[in-house]
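Order of appearance sets the numbers: ligands from 1, and atoms from 1 within every ligand.
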Amino acid sequence: MKIVLIGFMGSGKSTLAKILAEKLHLQMYEMDDLILSRSGRASIPEIFAVDGEAHFRKLESEMAKELGELESGVISTGGGVITHLGNIESLRRQGGRIVYLRATFETIQKRLTGDTNRPLFQDLPRARQLYGARSSVYEKCSQIIIDTDTLSTSQITKEICERLTAPSAT
Ligand code: S3P
């Protein structure tokens, strides 16, 4: 089974990917960590500041292509993976199921207040604008949407597993 978690920054992709991978005995892949280890930089903000966002997106697309070839695993993507729709096409290869962890901007704002590791969440009005622009793209790209705001991680895990095995799931 190959599960790909998408969603805005702070939607819980990394946390959920770890839990799901453990529960389903699958390998977990954290795209941002893999990109960072290839970049020669010390942090994601450093890639953005020194090389620019376009370079980050190029590394992200290369990684999406590579991970697309995997037959199984749980992949936690960066929030901007949907910036290039080819990334989603890549990640869907080998039966990849795209799960959107949806959260309201208010929930995300609460979680990310004070976070300095996300270059695109340093200016609140811009982050809100980005959220507005991306929301419908996440929806269109995903096969399963989970509204996470009021759910615990174990409830989200349970719902993802149920939806993945439901006969109507695509
Ligand atoms: C980004 C999200 C980040 C990271 C980078 C860009 C985005 O990942 O890939 O800072 O464009 O939304 P998280 O979604 O894990 O924060």
> Which ligand 1 atoms, with their elements, are less than 4.0 angstrom from a heavy-atom of P119?
10 (O)

> Against heavy atoms of I44, which atoms of ligand 1 measure under 4.0 Å?
5 (C), 10 (O)

> Strictly under 4.0 Å, does any heavy atom of E30 approach an atom of ligand 1?
no

> Could you tell me, atom by atom, which parts of ligand 1 come under 4.0 Å of a heavy atom of F56?
5 (C), 9 (O)

> Verify whether one side chain among T157 and S154 offers a donor that lies under 3.5 Å from an acceptor in the other.
no

> Relative to ligand 1, is K13 under 4.0 angstrom through side chain, backbone, both or neither, heavy atoms considered?
side chain

> List ligand 1 atoms under 4.0 Å from D32, heavy atoms only on the residue side.
3 (C), 4 (C), 8 (O), 9 (O), 13 (P), 15 (O)

> Are any of the heavy atoms in F121 under 4.0 Å away from ligand 1?
no

> Which one holds for R57 and ligand 1: side chain close, backbone close, both close, or neither close, with close meaning a heavy atom under 4.0 Å?
side chain

> Going by heavy atoms, is R134 under 4.0 Å from ligand 1?
yes

> Distance only, no hydrogens: is a donor on one side chain within 3.5 Å (strictly under) of an acceptor on the other, for Q27 and S72?
no

> Look only at the side chain of K2 and the backbone of L70, and say whether a donor-acceptor pair between them is shorter than 3.5 Å.
yes

> Show me which atoms of ligand 1 lie under 4.0 Å from any heavy atom of M9.
2 (C), 12 (O), 14 (O), 16 (O)

> Atom 1 (C) of ligand 1: which protein heavy atom is closest, and how many Å away?
G80 N, 3.9 Å

> Checking a contact table here: which protein heavy atom is nearest atom 16 (O) of ligand 1, and how many Å away?
R118 NE, 2.6 Å

> Side chains of Q155 and S152: is there a donor and an acceptor less than 3.5 Å apart?
yes

> Enumerate the atoms of ligand 1 whose separation from the nearest heavy atom of G78 is less than 4.0 angstrom.
8 (O), 9 (O), 14 (O)

> Taking only Lys NZ, Arg NE, NH1 and NH2, and the carboxylate oxygens of Asp or Glu, determine whether E30 and K13 approach each other closer than 4.0 Å.
no

> Using heavy-atom distances only, which candidate in G7, G79, S14 approaches atom 2 (C) of ligand 1 most closely?
G79

> Donor-acceptor check, side chain of K140 to backbone of S135, threshold 3.5 angstrom: yes or no?
no

> Inspect the surroundings of CD in Q122 and state if more than 12 heavy atoms from other residues, nucleotides or ligands are less than 6.0 Å away.
yes

> Do I98 and I3 come within less than 4.5 Å of each other through their side chains, counting heavy atoms only?
no

> Surrounding CD of E139 (heavy atoms of other residues, nucleotides or ligands, distance under 6.0 Å), is the total greater than 12?
yes

